[in-house]
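For clarity, every value in this text was computed on a predicted model and none was experimentally measured. Chain identifiers are assigned alphabetically (A, B, ...) following the order of the sequence lines, protein sequences preceding nucleic acid strands; residue numbering begins at 1 within each chain. Heavy atoms only: backbone and side chains are in, while hydrogens, waters and symmetry mates are out.
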2 protein chains.
Amino acid sequence: MNIYNSKEIDETIPVDEELTDLAEFFKIFGDKTRLHILFLLFSKPETGVNELSDVMSMHQTAISHQLKILRHMRLVTYRKEGRNVFYSLNDQHIHDILNIGMQHVQEAQK
Amino acid sequence: MNIYNSKEIDETIPVDEELTDLAEFFKIFGDKTRLHILFLLFSKPETGVNELSDVMSMHQTAISHQLKILRHMRLVTYRKEGRNVFYSLNDQHIHDILNIGMQHVQEAQK
DNA sequence: TTTATATATGAATATATGAACATATATAAC
DNA sequence: GTTATATATGTTCATATATTCATATATAAA
């Protein structure tokens, strides 16, 4: 146990490849558009691309590009129905991560 | 309670400014160098700049630039002693966030 | 089977970002 | 005071990234 009372990280420094993967993972959350999509899928799973772009007031292509990234990082899944594609979240960790981030940001404003 | 059994996020979509702040916050973790520094400060608080750059095999200036960012985002603190500057972590959330990220990355490799 | 709609993709462009180099500053050693 | 050491900062350059525009694809409607 280290001073932070943790079992997971302890004194272990991730190796180079792990650091790279970790950075890639966090990078996804470092963009407003992607965060917005994730929050929207939280409150309403199975949301279509057009609805996302409507709510976010952004071009459909911009949304599709970001969804592609979220898909490749396996943070969302989709279901095709005719010409519609419905997206949903695909990772339990997202929830925890967004919560901690929100807590941090909210505390920072005090 | 939403389907993810959460009290914190629920159906609430952060407003534009919150999304911006949140993205800024996560962006910090989206870089290998900064992650490495954070992990090193985890395992050894009160680490000097030279030691960091030695261990990481990177130019001291590159480390200083990243430390500046970490300082401004209040993720690290420092203590000056003569011409040495010792850095430490400054946020409990970092620990949780890094842990969740590591879990995600490790699971992704299976 | 032509037209409309939903979504995806490729290319171009603008902006952001990280590292290197040069240099500044501050303190310690001589 | 001069030199050496530790750290910080400004600038430049290469690269990464997000958005837009144009277009492709696939399915539904007419």
Practice item. Using ring pair (Phe, Tyr, Trp, His ring centres under 6.0 Å) as the criterion, list what pairs up with B:Tyr78, not counting sequence neighbours. Key: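 B:Tyr87.
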Point to revise | A:Ser57 side chain to A:Ser53 backbone, donor-acceptor under 3.5 Å | key: no
Check your understanding: Does A:Glu18 reach the main-chain N or O of A:Val15 with its side chain, forming a donor-acceptor pair under 3.5 Å?
Key ->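 Such a contact is found between A:Glu18 side chain and A:Val15 backbone.
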Once you round it to whole Å, what is the distance between [atom2] of [N] and [atom1] of [X]?
{"X": "A:Lys32", "N": "D:dT19", "atom1": "NZ", "atom2": "C1'", "answer": "13 Å"}
{"X": "B:Met56", "N": "C:dG18", "atom1": "CE", "atom2": "P", "answer": "13 Å"}
{"X": "B:Met58", "N": "D:dT7", "atom1": "CE", "atom2": "C1'", "answer": "16 Å"}
{"X": "B:Leu52", "N": "D:dA8", "atom1": "CG", "atom2": "P", "answer": "10 Å"}

Check your understanding: Which residue pairs pass the salt bridge (charged side-chain N to carboxylate O under 4.0 Å, His left out) test with at least one member in residues 48-74 of chain B, sequence neighbours excluded?
Key ->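 Sorted pair list: B:Lys44-B:Glu51.
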Check your understanding: Can you list every salt bridge (charged side-chain N to carboxylate O under 4.0 Å, His left out) pair that touches residues 75-84 of chain A, not counting sequence neighbours?
Key -> A:Glu46-A:Arg79, A:Arg79-A:Glu81
Review point. Taking only residues two or more places apart in sequence, or in another chain, which ones meet B:Asp31 in a side chain to side chain contact (heavy atoms under 4.5 Å, CB included)?
Key: B:Thr33, B:Arg34, B:Gln66
Check your understanding: Got a sec, which residues hit side chain to side chain contact (heavy atoms under 4.5 Å, CB included) with B:Lys27, two or more places apart in sequence or on another chain?
Key -> B:Glu24
Review point. Does any N or O donor sit under 3.5 Å from an N or O acceptor when you compare the side chain of B:Gln60 with the base of D:dA6?
Key: no
Review point. Do you know the tightest heavy-atom contact between B:Leu22 and A:Gly101?
Key: CD1-C, 3.2 Å
Point to revise | Selection: residues 22-31 of chain A, any non-hydrogen atom under 4.0 Å of DNA chain D | key: A:Lys27, A:Asp31
Point to revise | Residues in contact with DNA chain D, drawn from residues 64-80 of chain A - heavy-atom cutoff 4.0 Å | key: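 Listed by number, they are A:His65, A:Gln66, A:Ile69.
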Review point. So which pairs with a foot in residues 48-73 of chain B pass ring-ring contact (aromatic ring centres under 6.0 Å, His included), sequence neighbours left out?
Key: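 Residue pairs with at least one partner in residues 48-73 of chain B: there are none.
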Does [N] have OP1 or OP2 under 4.0 Å away from a side-chain N or O of [X]?
{"X": "B:Tyr87", "N": "D:dA8", "result": "yes"}
{"X": "A:Arg34", "N": "D:dT17", "result": "no"}
{"X": "A:Asn50", "N": "C:dT7", "result": "yes"}
{"X": "A:Thr61", "N": "D:dT19", "result": "no"}

Practice item. On DNA chain D, check which nucleotide each of B:Glu51 and A:His59 is closest to and give me the residue with the more 5' one. Key: B:Glu51
Review point. Do the ring planes of B:Phe25 and B:Phe29 sit parallel (below 30°), tilted (30 to 60°) or perpendicular (above 60°)?
Key: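 Perpendicular, since the angle between the ring planes exceeds 60°.
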Check: protein-nucleotides 27-30 of chain D nitrogen or oxygen pairs below 3.5 Å:
none

**Study point:** Qualifying residues under side chain to side chain donor-acceptor pair (under 3.5 Å), relative to B:Ser64, sequence neighbours excluded
**Key:**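 B:Gln60.
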